Amino acid sequence: VAGQAGEALLAYDSTDEFSTGATVIAERGAIQKDRIRIPAVTLPEILEENGLERCDLLKIDCEGGEYDILYACSPELLARFDRMALEVHVGPRPEQNVDALAAFLRKNGFVTRQRPLGMLSAWRGEMRDG
């Protein structure tokens with residue numbers, strides 16, 4: 001999933017035998033020496049192709065792609081999501097951090113809570129127990 005359909009550039013280190021870590025954040029990719037182009041679809045395309053009018057929970061853990069994915073969404077599209085659970089990675093641009101992403105989601109009608117290690121929760125309406 002990406003902010004634009006087509007192809008995305010994924011950076012990784014093929015010599016790392018322990019991890020399968022990869023990133024789409026260009027500057028972080030400097031430590032990831034290998035690159036591969038992968039097919040990319042957008043969040044609107046996924047909803048459309050699967051006939052989804054609403055989504056109760058969107059979980060995003062996409063190694064830096066969260067910014068392009070969410071910032072490319074219209075307010076109308078974001079209104080189709082009730083809750084989000086995100087792992088947020090710091091990127092090189094000013095809008096690529098957990099505070100900026102939380103502010104963007106609040107601007108689009110979500111309540112947010114930041115957790116340690118870059119975890120961000122977002123939901124519509126008031127916080128419920130449980």
Side-chain angles (χ1 to χ4, degrees):
V1 180
Q4 295 181 353
E7 286 188 336
L9 187 62
L10 190 65
Y12 67 101
D13 183 355
S14 63
T15 64
D16 185 351
E17 295 178 12
F18 178 73
S19 174
T20 56
T23 184
V24 294
I25 297 177
E27 291 198 9
R28 290 180 113 191
I31 61 171
Q32 309 285 23
K33 64 180 181 175
D34 302 297
R35 305 269 191 283
I36 186 172
R37 291 205 173 275
I38 57 171
V41 297
T42 64
L43 204 48
E45 288 174 328
I46 291 172
L47 294 176
E48 176 78 21
E49 288 174 15
N50 292 284
L52 300 172
E53 288 299 316
R54 298 219 42 87
C55 178
D56 184 53
L57 174 65
L58 174 66
K59 181 182 183 292
I60 297 182
D61 180 0
C62 54
E63 308 310 314
E66 58 272 14
Y67 305 107
D68 289 340
I69 292 167
L70 291 173
Y71 291 159
C73 292
S74 68
E76 294 78 21
L77 183 84
L78 292 172
R80 295 167 66 178
F81 296 96
D82 295 326
R83 295 176 195 88
M84 294 185 190
L86 305 110
E87 180 183 41
V88 181
H89 300 81
V90 177
R93 297 191 313 250
E95 71 278 8
Q96 291 182 329
N97 62 71
V98 69
D99 292 330
L101 188 54
F104 170 79
L105 291 173
R106 286 192 302 273
K107 181 181 172 187
N108 282 280
F110 289 90
V111 177
T112 64
R113 176 187 283 170
Q114 294 181 35
R115 309 245 180 188
L117 303 175
M119 304 307 287
L120 177 65
S121 300
W123 63 93
R124 297 203 173 272
E126 295 186 26
M127 179 79 164
R128 293 184 289 236
D129 292 334

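All of these numbers come straight from a predicted model, not from anything done at the bench.
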Minimum heavy-atom distance between P94 and A100, given as atom pair plus value: O-CB, 4.1 Å
Is R80 reaching over with its side chain to a backbone N or O of C55, donor-acceptor style, under 3.5 angstrom? no
For G3 and T42, which heavy atoms make the closest approach, and how far apart are they? O-CG2, 3.7 Å
For D82 and D56, which heavy atoms make the closest approach, and how far apart are they? CB-O, 3.5 Å
Would a 4.5 Å heavy-atom cut-off, applied to side chains only, mark R113 and W123 as touching? yes
Spacing of CG belonging to L52 relative to CD1 belonging to I46, to within rounding of 0.5 Å: 9.5 Å
Distance from L101 atom CG to I60 atom CD1, nearest 0.5 Å? 8.0 Å
Is a donor on one side and an acceptor on the other found under 3.5 Å between the side chain of E66 and the backbone of G64? yes
With heavy-atom distances below 4.5 Å as the criterion, would you say the side chains of C62 and I69 are in contact? yes
Please report the interatomic distance CE(M84) to CG(L57), rounded to the nearest 0.5 Å. 9.5 Å
Do the non-hydrogen side-chain atoms of R115 and V98 ever get within less than 4.5 Å of each other? no
Contact between Q114 and D99 at the side-chain level, heavy atoms closer than 4.5 Å - yes or no? yes
Show the atom names and distances, to 0.1 Å, of all donor-acceptor pairs under 3.5 Å that link a side chain in residues 105-112 to residues at least two apart or in another chain.
residue	atom	partner	partner atom	Å
R106	NH1	T112	OG1	2.9
N108	ND2	F104	O	2.9

Heavy-atom count around E45 CD within 6.0 Å, excluding the residue itself: above 12? yes
Intermediate values then yes/no, side-chain contact (heavy atoms from CB on, under 4.5 Å), I38 and I36: CA-CA 6 Å; I38 57 171; I36 186 172; 4.1 Å; yes
Give the C-alpha distance, both sets of side-chain angles, the deciding distance and a yes or no for side-chain contact (heavy atoms from CB on, under 4.5 Å) between H89 and D61. CA-CA 9 Å; H89 300 81; D61 180 0; 4.2 Å; yes
Decide whether M119 and L86 are clustered together by the hydrophobic rule: side chain heavy atoms of Ile, Leu, Val, Met, Phe, Trp, Tyr closer than 4.5 Å, transitively. no
Checking Y67 side chain against N97 main chain: does a donor-acceptor pair fall under 3.5 Å? yes
